[in-house]
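So the structure is just underneath, and the comments pick up after that.
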2 protein chains.
Amino acid sequence: MSNDLFERLPLGRSLSLLAKTYFGALTKKLEHLEVERYYSILIFIEESGKGCSQQYICDHLKIDKVSMVRILDYLIKKKFIKKVQNPKDRREYFIELTPKAEKTMPEIHREIKNLNDVAFKGLSREKQKEFYRNMCLIYDNVETLPAHKIFVNYKKANKEKK
Amino acid sequence: MSNDLFERLPLGRSLSLLAKTYFGALTKKLEHLEVERYYSILIFIEESGKGCSQQYICDHLKIDKVSMVRILDYLIKKKFIKKVQNPKDRREYFIELTPKAEKTMPEIHREIKNLNDVAFKGLSREKQKEFYRNMCLIYDNVETLPAHKIFVNYKKANKEKK
DNA sequence: AAATAATAGTTCGCAATGCGAACTATTCGT
DNA sequence: ACGAATAGTTCGCATTGCGAACTATTATTT
């Protein structure tokens, strides 16, 4: 990939190209698992502990709640997660990993680590940290843009005349 | 955004979160234009000169050719591009910007620059360059994974039993 | 206390994307 | 000359995002 192209495109497209390539490789590495996607959601649930509502996942991973329902339905069908109603607020459901998922998580973490080792080859541990810090910085810079409700118009439906 | 979350998720998800946020902000900034997306494709066409076939765009931006047909139909409908059959190989169509698009490109570049200035706030010009170089490095590292045909299984259709 | 707001989650419908597959037109390879 | 390969199109289906309408529950207002 020419460095040039990445700099010429809008940053979002370059990041998206990179994300897509990584995601493709990870999906390939983990295709032997029963669950073939949503690893990031499983990881998020795993690391959030027990008090993790659907809305909480949506907010942090920027996934809309309708998609979340569908994704969780899929993961429930695969018996990787379960919903537990919060007795303190019965509108909420806490999402938890099942023992079956718990048993699979190490394999997921292992393959992610393997892939990251390949991805970051040529970068020192310190440079990797810096890369993450910079992603985070850019994220915060863009997300806190004052007057832009950035998700409202993301992929908005085209309701114009044909 | 806690740096922590970015490091805990698969890299692809972190990059995707960032891309999504950036894309949302850019779309908002440019929503007054007649064309409300595909800026990266317009830029790619612009910078590729005249000899730019559909397949060429697909290869470089990793967009499948079916989607490309739909996208170009949209851009043609908006009178932003035109197709010119290659007389040397009549299977091919060269994609070119129309004068109408040419007139719009400066505005697109301006807003991208404005957004990038915000996004990279806190990073020196040299650090920005380094960030791009690292994206490129990671891309090359992941893309050249020997045995993984990474796009084949990307978002593959779920053909399992319900 | 009753009425109203707000919140968590679900369901429906539509638009956009990715991709497998089948297709046409054209060019390449032997 | 014939079969393989390539550029592009069309069809069909799965996934995602999101607006909208809905239920159930909780919080706030009056």
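Chain letters run A, B, ... following the sequence lines, proteins first, then strands; residues in each count from 1. Keep in mind it's a predicted model, so treat the numbers as computed, not measured.
We find that CD1 of A:Ile71 is positioned 12 Å from P of D:dC18, with the value rounded to whole Å. Atom pair A:Phe23:CZ and D:dT16:C1' shows a separation of 12 Å (rounding to whole Å applied). One can place CD of B:Glu36 at 17 Å from P of D:dG17, the figure rounded to the nearest angstrom. For B:Leu61 and C:dT17, the CG to C1' distance is 15 Å, given to the nearest whole Å. Distance A:Asp59 CG to D:dG17 P: 14 Å, rounded to the nearest Å.
D:dA4 takes the anti form, because its glycosidic angle lies more than 90° either side of 0.
Qualifying side chain to side chain donor-acceptor pair (under 3.5 Å) partners for A:Glu102, counting only residues two or more places apart in sequence or in other chains: none. Annotation: side chain to side chain donor-acceptor pair (under 3.5 Å) contacts of B:Lys103 (sequence neighbours excluded): none.
In summary, the side chains of A:Tyr22 and B:Asn141 do not present any donor paired with an acceptor at a separation below 3.5 Å, with no hydrogens or angles considered. With 3.5 Å as the limit, one finds no donor-acceptor pair spanning the side chains of B:His32 and B:Glu111.
Within 6.0 Å of the NZ atom in B:Lys79, the count of heavy atoms belonging to other residues, nucleotides or ligands does not exceed 12.
A residue-by-residue look at A:Lys88 and A:Ile63 shows that A:Ile63 has its nearest nucleotide of DNA chain D further toward the 5' end. Judged by closest nucleotide on DNA chain C, A:Arg70 is the one of A:Arg70 and B:Asp64 placed further toward the 5' end.
Nucleotide D:dG8: paired with C:dC23 (Watson-Crick or G-U wobble, both distances less than 3.5 Å). Taking a pair to require two hydrogen-bonding distances under 3.5 Å in either a Watson-Crick or a G-U wobble arrangement, D:dC13 pairs with C:dG18.
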Determine, stepwise, if the pair A:Tyr139 / B:Phe6 fulfils ring pair (Phe, Tyr, Trp, His ring centres under 6.0 Å).
CA-CA 10 Å; A:Tyr139 185 90; B:Phe6 269 1; 5.5 Å; yes

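Dashed line: the shortest gap from a side-chain N or O of A:Lys20 to OP1 or OP2 of C:dG18 is under 4.0 Å. Between C:dT17 and B:Tyr38, a contact under 4.0 Å exists linking OP1 or OP2 to a side-chain N or O. OP1 or OP2 of C:dT17 lies within a sub-4.0 Å distance of a side-chain N or O belonging to B:Arg37.
In the set D:dT16, D:dT26, C:dG18, the nucleotide with an atom closest to the side chain of A:Arg90 is D:dT26.
Classified by interplanar angle (parallel below 30°, tilted 30° to 60°, perpendicular above 60°), the ring pair B:Tyr74/B:Tyr38 is perpendicular.
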Quick one: which protein N/O atoms are closer than 3.5 Å to N/O atoms of nucleotides 2-9 of chain D? Pair and distance per line, please.
residue: D:dT6; atom: O2; partner: B:Arg91; partner atom: NH1; Å: 2.9
residue: D:dG8; atom: OP1; partner: B:Gln54; partner atom: N; Å: 3.2
residue: D:dG8; atom: OP1; partner: B:Tyr93; partner atom: N; Å: 3.0
residue: D:dG8; atom: OP1; partner: B:Tyr93; partner atom: O; Å: 3.2
residue: D:dG8; atom: OP2; partner: B:Gln54; partner atom: N; Å: 3.3
residue: D:dG8; atom: OP2; partner: B:Gln55; partner atom: N; Å: 2.6
residue: D:dG8; atom: N7; partner: B:Lys65; partner atom: NZ; Å: 3.3
residue: D:dG8; atom: O6; partner: B:Lys65; partner atom: NZ; Å: 3.4
residue: D:dT9; atom: OP1; partner: B:Lys83; partner atom: NZ; Å: 2.3
residue: D:dT9; atom: OP2; partner: B:Gln54; partner atom: OE1; Å: 3.3
residue: D:dT9; atom: OP2; partner: B:Gln54; partner atom: NE2; Å: 2.8

